[in-house]
Number of protein chains: 2
Amino acid sequence: MGRPPDRGSDSADRRRLDHGLLPSLLGYVLQRAQTSVFADFSATFARAGEAVTPGEFGLLVLVDRNAGISQTRLAGALGIDRSTLVPILDRLQDRGLLARNRSPTDGRTHALALTAAGRKALARFSRLVRGHEKRVASGLSADETRTLIALLDKVHRAARSL
Amino acid sequence: MGRPPDRGSDSADRRRLDHGLLPSLLGYVLQRAQTSVFADFSATFARAGEAVTPGEFGLLVLVDRNAGISQTRLAGALGIDRSTLVPILDRLQDRGLLARNRSPTDGRTHALALTAAGRKALARFSRLVRGHEKRVASGLSADETRTLIALLDKVHRAARSL
DNA sequence: TATTGTTATACTCTATAACTATA
DNA sequence: TATAGTTATAGAGTATAACAATA
């Protein structure tokens with residue numbers, strides 16, 4: 001007796017799906033790679049007991065390297081609306097990582113900066129990110145990694161100017 | 001007179017930002033490339049008067065190639081929770097592109113399928129996607145495109161198994 | 001008048017937990 | 001009991017429109 005060796009249609013139904021043309025589409029493979037890389041980013045930080053998203057990490061790096069930047073300019077660099085940035089900064093500020101200082105030259109703008117705690121946290125985060133990078137690039141040679149980054153940059157530039 | 005040729009610090013402040021280590025991080029360049037590719041996808045469809053997201057297109061392809069698939073299995077293939085899928089299918093169904101048919105073998109599951117209108121729409125969408133792909137890959141040679149897709153697939157597989 | 005940051009509002013994507021119908 | 005689909009709910013990310021303070 002027993003089920004046929006090629007597998008019956010049990011409830012879980014583990015048969016491979018037909019993905020059609022999707023695996024040949026740049027947008028699709030891009031998104032798939034990105035999702036798994038972000039998942040490892042999250043797992044890396046969760047294991048270390050830190051709660052930071054890739055977006056928050058990028059924001060912290062930008063503010064660290066461009067102290068005094070305004071919210072509107074930072075939003076522009078991140079490619080989001082300035083109203084979208086407000087609750088994100090609120091959270092980082094509530095966590096004591098970032099300060100909205102008054103600009104000495106323009107009463108309308110905030111001069112963003114990391115706090116001392118923010119700089120210490122960013123150093124910690126950067127160490128975690130280095131390990132994460134090593135892991136996600138572990139399937140590639142150093143040469144392949146360079147090639148991949150260069151090609152992605154080309155795509156970015158080409159697609160941006162459409 | 002006029003402003004100094006190297007640009008003063010006017011309100012918009014167009015000086016290049018310092019991106020620190022970000023451009024050397026796989027996750028960052030991945031996300032940047034993906035954002036610009038998705039932007040061209042949206043622009044392509046908007047120009048043609050169609051309203052479809054990359055996610056909806058992928059879902060339609062999957063249902064087209066795997067007619068009769070259940071919601072739970074489709075959610076698994078998309079990497080989302082089955083409850084997340086419900087409003088997405090609602091919209092596609094409201095637009096007349098997709099049907100939730102009764103399964104003849106299991107009263108609990110829906111056998112998903114494209115409607116005739118859905119198949120016609122998908123053919124239209126696929127034509128648009130072909131043009132979109134050509135455009136976003138226009139900065140790369142055919143060889144580079146193949147290499148990029150292969151490397152992204154490697155990253156996906158490596159990162160998935162961490 | 002124009003710009004900056006903010007708020008109010010809305011929509012999408014995402015998840016968890018609990019419900020219902022079926023198995 | 002277990003599974004499929006659904007609902008209720010909540011959080012994050014996104015945007016637009018309008019407002020107060022400042023330029």
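Naming convention: chains lettered A, B, ... in sequence-line order (proteins, then strands); numbering from 1 in each chain. This structure is a prediction, so every number in the text was calculated from the model and none was measured.
Atom P of nucleotide C:dT22 and atom CG of B:Asp106 are separated by 11 Å, given to the nearest angstrom. A:His110 has its NE2 atom 11 Å from the P atom of D:dT22, to the nearest Å. Between B:Asn101 atom CG and D:dG5 atom P there is a gap of 13 Å when expressed in whole angstrom units. In this structure, B:Arg102 places its CZ atom 10 Å from P of C:dT22, rounding to the nearest Å. Following rounding to the nearest Å, B:Asp94 (CG) and C:dT12 (P) show an atom-to-atom distance of 12 Å. Spacing between atom CG of A:Leu85 and atom P of C:dG5 amounts to 9 Å, rounded to whole angstrom units. Atoms CG (B:Leu78) and P (C:dA15) sit 11 Å apart, rounded to a whole Å. When the P atom of C:dT12 is taken as reference, atom CG of B:Leu89 falls 15 Å away, rounded to whole Å.
With B:His132 as the fixed residue, the ring-ring contact (aromatic ring centres under 6.0 Å, His included) test singles out one of B:Phe41, B:Phe45, B:Phe125: B:Phe41.
Comparing C:dG5, D:dG5, C:dT3 by their nearest atom to the side chain of A:Ser70 picks out C:dG5. The nucleotide whose nearest atom lies closest to any side-chain atom of B:Arg100 is, among C:dA2, D:dT6, D:dG5, D:dT6.
A donor-acceptor pair under 3.5 Å is absent between the side-chain atoms of B:Asp18 and the main chain of A:Asn66, judged by distance alone. Looking only at distances, a side-chain donor or acceptor of A:Thr115 sits under 3.5 Å from a matching main-chain atom of A:Gly96. The main-chain N or O of A:Leu26 is found under 3.5 Å from a side-chain atom of B:Glu133 such that the two form a donor-acceptor pair.
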>> Quick one, A:Arg73 with A:Thr109, criterion side chain to side chain donor-acceptor pair (under 3.5 Å). Give me CA distance, side-chain angles, the key distance, then yes/no.
In response: CA-CA 10 Å; A:Arg73 190 148 170 258; A:Thr109 71; over 6 Å; no
>> A:Asp143 vs A:Ser141, test: side chain to side chain donor-acceptor pair (under 3.5 Å). Steps then yes/no.
In response: CA-CA 5 Å; A:Asp143 226 56; A:Ser141 69; 5.6 Å; no
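Tracing side-chain contacts under 4.5 Å through hydrophobic residues (I, L, V, M, F, W, Y), one reaches A:Leu21 starting from A:Tyr28; they form part of the same cluster.
A 6.0 Å sphere centred on CZ of B:Arg47 holds more than 12 heavy atoms belonging to other residues, nucleotides or ligands.
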> What string of B, S and - do you get for nucleotides 7-14 of chain D, 5' to 3', if B is base contact, S is sugar-phosphate-only contact and - is no contact with any protein heavy atom under 4.0 Å?
Replying inline: B-----SB
Taking only N/O atoms, report every protein-nucleotides 18-20 of chain D pair under 3.5 Å with atom names and distance.
none

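A salt bridge does not link B:Arg160 to B:Asp153: none of the charged nitrogens lies less than 4.0 Å from a carboxylate oxygen.
Side-chain N/O atoms of B:Gln71 include one lying less than 4.0 angstrom from OP1 or OP2 on D:dT6.
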